[in-house]
There are 2 protein chains.
Amino acid sequence: MSTNDATARLAFEVVKTACSNCNLRELCLPIGLDATELRKLDELVSTRRRLKRGDHLYRAGQSFESIYAIRSGFFKTDVLIEDGRDQVTGFQMTGELLGLDGISSEVHTCNAIALEDSEVCAIPFLHLESLSRQIHTLQHHFHQVMSREIVRDHGVMMLLGTMRAEERLAAFLLNLSQRFKARGYSPAEFNLRMSRDEIGSYLGLKLETVSRAFSRFQDEGLLSVHQRKIRILNTAGLKKLMSHQRV
Amino acid sequence: MSTNDATARLAFEVVKTACSNCNLRELCLPIGLDATELRKLDELVSTRRRLKRGDHLYRAGQSFESIYAIRSGFFKTDVLIEDGRDQVTGFQMTGELLGLDGISSEVHTCNAIALEDSEVCAIPFLHLESLSRQIHTLQHHFHQVMSREIVRDHGVMMLLGTMRAEERLAAFLLNLSQRFKARGYSPAEFNLRMSRDEIGSYLGLKLETVSRAFSRFQDEGLLSVHQRKIRILNTAGLKKLMSHQRV
DNA sequence: TGATCGGGTTGACGTGGATCAAACGCCGGG
DNA sequence: CCCGGCGTTTGATCCACGTCAACCCGATCA
């Protein structure tokens with residue numbers, strides 16, 4: 001490879017990494033920034049990382065330095081407690097941020113694991129704080145992202161605390177559907193990246209219960225399910241199921 | 001009342017309100033600020049609000065302008081969904097912040113209700129953002145507070161998703177105990193500010209189940225319970241109960 | 001002092017989801 | 001092409017917690 005090739009390739013990589021060129025910029029941290037601000041953010045988001053399916057992006061206990069923006073791929077986060085129990089606390093997709101839990105104590109409090117081959121942008125947190133002292137829009141947007149995470153968690157608490165199995169699964173599928181839609185994919189047809197066991201862990205159910213709920217939904221004509229391939233046939237029906245009044 | 005009296009009283013109020021004079025400054029936003037910075041924060045935290053037991057500090061749907069630091073008292077937050085179900089998402093005490101959920105959409109997403117007569121400091125959020133662009137320590141601390149809320153929520157998800165009734169109640173009591181301790185109160189003896197129903201809602205249980213768990217703990221000599229007055233007799237026992245291995 | 005009321009306790013019973021167990025089907029390797 | 005393994009489905013049974021209902025107790029008020 002000639003020097004020119006190498007340079008060209010390097011330039012290409014840089015372009016590929018830059019926020020200003022990223023097709024996620026409407027979804028990710030750069031929302032609302034002007035050209036100058038975007039350029040500053042580009043400098044910040046220097047490192048990219050590729051992960052293979054099953055790789056850990058970080059582990060609970062590791063020291064926290066960066067948050068990560070997902071460029072492509074799909075992740076889960078989970079927490080373990082000493083006695084061996086664990087729970088999936090979330091599934092993250094393109095444009096979403098990982099690692100916010102680490103800010104509080106400078107140590108990651110959960111594991112982040114790629115559910116498919118993925119690529120993330122590492123954002124050194126101290127740099128982000130520094131830059132968001134200069135760019136109000138960035139600061140505010142970051143606060144909104146953290147707050148949105150809190151609101152999302154409240155939704156999950158609601159789900160775990162008050163919904164029954166089928167309602168939980170319906171809520172889960174509708175949420176996924178909507179997030180795929182926001183990314184330009186079909187809201188009606190998608191592949192689950194996670195196993196029944198992982199869905200169950202997230203929803204506070206056993207995998208058998210998840211499986212039965214899928215079968216029931218299929219029997220009722222709400223979905224078609226082939227392994228991890230889901231087609232939503234009756235969105236309204238799923239929504240109705242979710243708000244099934246209980247005493 | 002003479003003019004002098006009024007002036008004196010006003011000065012007194014101001015002193016009382018100032019962060020620099022607040023005995024919660026080690027617990028609340030001012031952590032780690034120097035004298036100059038504290039004075040700036042004082043200007044920010046101008047408004048105080050008193051609430052009686054049962055009063056709403058804010059309601060879901062109201063537009064978000066300020067976050068609130070609890071000076072004294074005790075709160076719960078809860079969310080409702082259309083079909084009438086609701087869930088308590090947290091109990092907040094002295095020195096803790098309320099309203100972080102409102103940042104994401106400029107609208108409060110839950111209700112905050114005083115469980116006893118309380119007093120809060122209103123912190124206009126745009127001012128806080130502006131000040132935290134000037135004071136790095138404040139900025140970082142605020143980020144930590146938001147992150148801690150996320151970590152706490154993960155803990156609740158864990159509790160709701162994997163623990164059984166007695167484990168949940170034990171976790172809840174130990175958490176309260178530790179928070180009272182951090183505020184200089186007895187970790188072993190305290191009054192619950194919330195009803196069995198509210199505890200149940202938070203823990204994803206029915207009030208009867210909560211009541212039965214209390215009775216069982218008392219039978220086993222872990223607690224003494226008289227209405228809302230709790231004495232923890234065997235902290236280790238409660239902890240052990242929490243990590244009871246299941247298959 | 002007795003009546004009322006709301007929160008709390010306790011008991012009897014029902015049920016949703018966990019558990020245990022078996023079988024299925026897809027997929028990669030020999 | 002068959003084999004072995006893993007994720008999934010499905011069935012039978014069990015049990016923790018919900019539900020329903022009665023009762024209790026302390027606080028408030030007439």
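Just so it is clear: chains get the letters A, B, ... in the order the sequence lines come, proteins before strands, and each one is counted from 1.
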Excluding sequence neighbours, so at least two apart, what forms side-chain contact (heavy atoms from CB on, under 4.5 Å) with [X]?
{"X": "A:Ala112", "result": "A:Leu57, A:Tyr58, A:Thr77, A:Leu98"}
{"X": "B:Val107", "result": "B:Ser105"}
{"X": "A:Ala171", "result": "A:Leu159, A:Met163, A:Met242"}
{"X": "B:Arg148", "result": "A:Ser104, B:His141, B:Val145"}

Nearest of D:dT8, C:dG17, C:dG8 to any side-chain atom of A:Arg196?
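The answer is D:dT8.
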Please check if atom CZ in B:Arg53 has more than 12 non-hydrogen atoms from other residues, nucleotides or ligands closer than 6.0 Å.
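No, because the 6.0 Å sphere around CZ of B:Arg53 holds 12 heavy atoms or fewer from other groups.
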List in chain and number order the residues that pass side chain to side chain donor-acceptor pair (under 3.5 Å) with A:Arg183, two or more places apart in sequence or in another chain; answer none if no residue qualifies.
A:Glu96
Restricting to side chain to side chain donor-acceptor pair (under 3.5 Å), what partner residues turn up for B:Glu116, sequence neighbours left out?
B:Arg193
Where along residues 208-220 of chain A does a heavy atom come under 4.0 Å from DNA chain C, residue by residue in number order?
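Those residues whose heavy atoms fall under 4.0 Å from DNA chain C, taken from residues 208-220 of chain A in numerical order, are A:Glu208, A:Thr209, A:Arg212.
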Which part of the nucleic acid, if any, lies within contact of [X], taking any heavy atom under 4.0 Å across all strands shown: a base, the sugar-phosphate backbone alone, or nothing?
{"X": "B:Gly200", "value": "nothing"}
{"X": "B:Arg228", "value": "sugar-phosphate"}
{"X": "B:Leu205", "value": "sugar-phosphate"}

Protein-nucleotide distance ([X], atom [atom1]; [N], atom [atom2]), rounded to Å:
{"X": "A:Leu192", "N": "D:dG7", "atom1": "CG", "atom2": "P", "value": "15 Å"}
{"X": "B:Leu169", "N": "D:dA16", "atom1": "CG", "atom2": "P", "value": "17 Å"}
{"X": "A:Lys229", "N": "D:dG7", "atom1": "NZ", "atom2": "C1'", "value": "18 Å"}
{"X": "A:Arg164", "N": "D:dT19", "atom1": "CZ", "atom2": "C1'", "value": "11 Å"}
{"X": "B:Ile199", "N": "C:dT9", "atom1": "CD1", "atom2": "C1'", "value": "14 Å"}
{"X": "B:Arg193", "N": "C:dG7", "atom1": "CZ", "atom2": "P", "value": "18 Å"}
{"X": "B:Ile230", "N": "C:dG8", "atom1": "CD1", "atom2": "C1'", "value": "12 Å"}
{"X": "B:Glu198", "N": "C:dG8", "atom1": "CD", "atom2": "P", "value": "9 Å"}

Hey, could you give me each pair passing salt bridge (Lys or Arg N to Asp or Glu O under 4.0 Å) that has a residue in residues 218-229 of chain B? Not counting sequence neighbours.
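Qualifying pairs, neighbours excluded: B:Arg216-B:Glu220.
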Hey, could you give me the CG/CD distance between A:Leu205 and A:Glu166, rounded to the nearest 0.5 Å?
10.5 Å
Can you give me the bend angle of the helix from C:dT1-D:dA30 to C:dG30-D:dC1? Use the axis through the first five pairs and the one through the last five, nearest 10 degrees.
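One end's axis against the other's: 30°.
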Distances under 3.5 Å only, N/O to N/O: pair up the protein atoms with those of nucleotides 22-27 of chain D.
none

Quick one: which residue pairs count as a ring pair (Phe, Tyr, Trp, His ring centres under 6.0 Å) with a foot in residues 205-237 of chain B, not counting sequence neighbours?
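For residues 205-237 of chain B: none.
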Pairing residues for A:Phe190 by the ring pair (Phe, Tyr, Trp, His ring centres under 6.0 Å) criterion, not counting sequence neighbours:
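For A:Phe190, the residues satisfying ring pair (Phe, Tyr, Trp, His ring centres under 6.0 Å) (neighbours in sequence not counted) are A:Phe180.
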